[in-house]
Amino acid sequence: MKIKLICLLAFMVLSSGINVAQTREKILEPLKVSQIRGINVFGKPVDNQTRCVHWHSDLDIIAIKFKCCEKYYPCFSCHEEEADHAHQVWPKAQFDQKAILCGVCGNELSIEDYMASNNTCPHCKSGFNPGCSKHYHLYFETEPKQ
């Protein structure tokens, strides 16, 4: 009985003209845009909590709105690979702007609230990756290192 069922399934797939390998590749392509509570996140997200092909640990759950285009991306690399323009950093005078999106709850944080959050979403208490602070200079105006 099992052999007949396997043969029937194989016949159905082969006779349908579907190329299984091509179908699988299309399914595995990275998303170009995902949404968190109606907010678009561009780049190469791999899930609905803003993880991307570059950064996808349990704690990689924020997207950053880029100053240059006002679009959220999971990371700097996603912006560089997808955007058709150079990035700009947020000046300190605008750190009151909402530019951080929690991928878990969809809450938008100002840059100053994000920097003061102790790597925890103040709304849902999800943990953010503390290593992101090593990359602040890519997104935000920072003091030159001495």
Side-chain angles (χ1 to χ4, degrees), residues 5-6 9-146:
L5 183 58
I6 291 170
L9 288 172
F11 172 77
M12 289 172 60
V13 168
L14 293 173
S15 64
S16 69
I18 295 173
N19 183 326
V20 176
Q22 286 179 344
T23 303
R24 188 169 190 273
E25 285 177 16
K26 288 180 182 178
I27 292 170
L28 296 178
E29 280 184 12
L31 302 169
K32 293 292 184 186
V33 178
S34 68
Q35 281 195 341
I36 309 291
R37 286 185 48 194
I39 298 172
N40 287 332
V41 179
F42 297 86
K44 296 182 177 180
V46 294
D47 69 12
N48 289 331
Q49 292 189 333
T50 76
R51 291 176 192 89
C52 69
V53 298
H54 308 103
W55 301 97
H56 43 267
S57 79
D58 289 345
L59 298 176
D60 292 314
I61 56 167
I62 65 158
I64 300 169
K65 185 188 292 182
F66 277 73
K67 170 73 176 151
C68 47
C69 55
E70 299 281 320
K71 290 182 178 180
Y72 278 104
Y73 286 87
C75 74
F76 182 81
S77 296
C78 281
H79 180 272
E80 293 300 290
E81 291 171 4
E82 299 288 323
D84 60 357
H85 57 271
H87 79 282
Q88 295 175 5
V89 297
W90 286 95
K92 285 185 182 182
Q94 294 182 357
F95 279 13
D96 61 338
Q97 297 294 307
K98 292 189 182 227
I100 308 299
L101 178 67
C102 174
V104 174
C105 69
N107 190 45
E108 289 184 280
L109 289 79
S110 70
I111 297 165
E112 57 197 9
D113 288 343
Y114 167 66
M115 289 180 163
S117 73
N118 198 26
N119 301 305
T120 303
C121 177
H123 187 257
C124 72
K125 307 302 181 211
S126 294
F128 300 146
N129 188 336
C132 290
S133 63
K134 295 175 184 172
H135 307 129
Y136 280 179
H137 65 283
L138 298 173
Y139 310 100
F140 317 119
E141 181 182 2
T142 57
E143 297 295 325
K145 293 185 178 181
Q146 307 257 347

Contact check, side chains of W90 and K65, non-hydrogen atoms, under 4.5 Å: yes
Distance-minimising heavy-atom pair for C105 and H123: SG-ND1, 3.5 Å
SG-NZ distance between C52 and K44, expressed to the nearest 0.5 angstrom: 9.5 Å
Mutual orientation of the aromatic rings belonging to Y114 and F128 [parallel < 30°, tilted 30-60°, perpendicular > 60°]: tilted
Plane angle bin for F42 and Y73 - parallel if under 30°, tilted between 30 and 60°, otherwise perpendicular: tilted
Aromatic ring pairing H135/W55, orientation class (parallel under 30°, perpendicular over 60°, tilted between): tilted
Between OG1 on residue T50 and CD on residue Q35, distance to nearest 0.5 Å: 14.0 Å
Student check: side-chain heavy atoms of L109 and P122 closer than 4.5 Å: yes
Heavy-atom closest contact (G106 atom, I36 atom, distance): CA-CG2, 3.5 Å
Check: H79 and C69 side chains under 4.5 Å, non-hydrogen atoms: yes
N129 and S57, any side-chain heavy atoms less than 4.5 Å apart: yes
CD on Q94 to NZ on K92, rounded to 0.5 Å: 14.0 Å
Distance, nearest 0.5 Å, that separates CD1 of I64 from NE2 of H87: 11.0 Å
Non-hydrogen atoms of R51 and D58 that approach each other most closely: NH2-O, 3.0 Å
Nearest heavy atoms of C68 and H85, plus distance in Å: SG-NE2, 3.4 Å
Whether Y136 and F140 hold their rings parallel, tilted or perpendicular, with breakpoints at 30° and 60°: perpendicular
Side-chain touch P74/H56, heavy atoms, less than 4.5 angstrom: no
Flag, side chain of T120 to backbone of N118, donor-acceptor distance under 3.5 Å: yes
I111 side, atom CD1; Q97 side, atom CD - distance, nearest 0.5 Å: 7.5 Å
Exercise: identify the closest heavy-atom pair between E81 and H54: OE2-NE2, 3.1 Å
S126 and I61, any side-chain heavy atoms less than 4.5 Å apart: yes
For N119 against P130, the heavy-atom pair lying closest together: ND2-CB, 3.4 Å
Value rounded to 0.5 Å, distance of CD1 in I62 from SG in C132: 4.5 Å
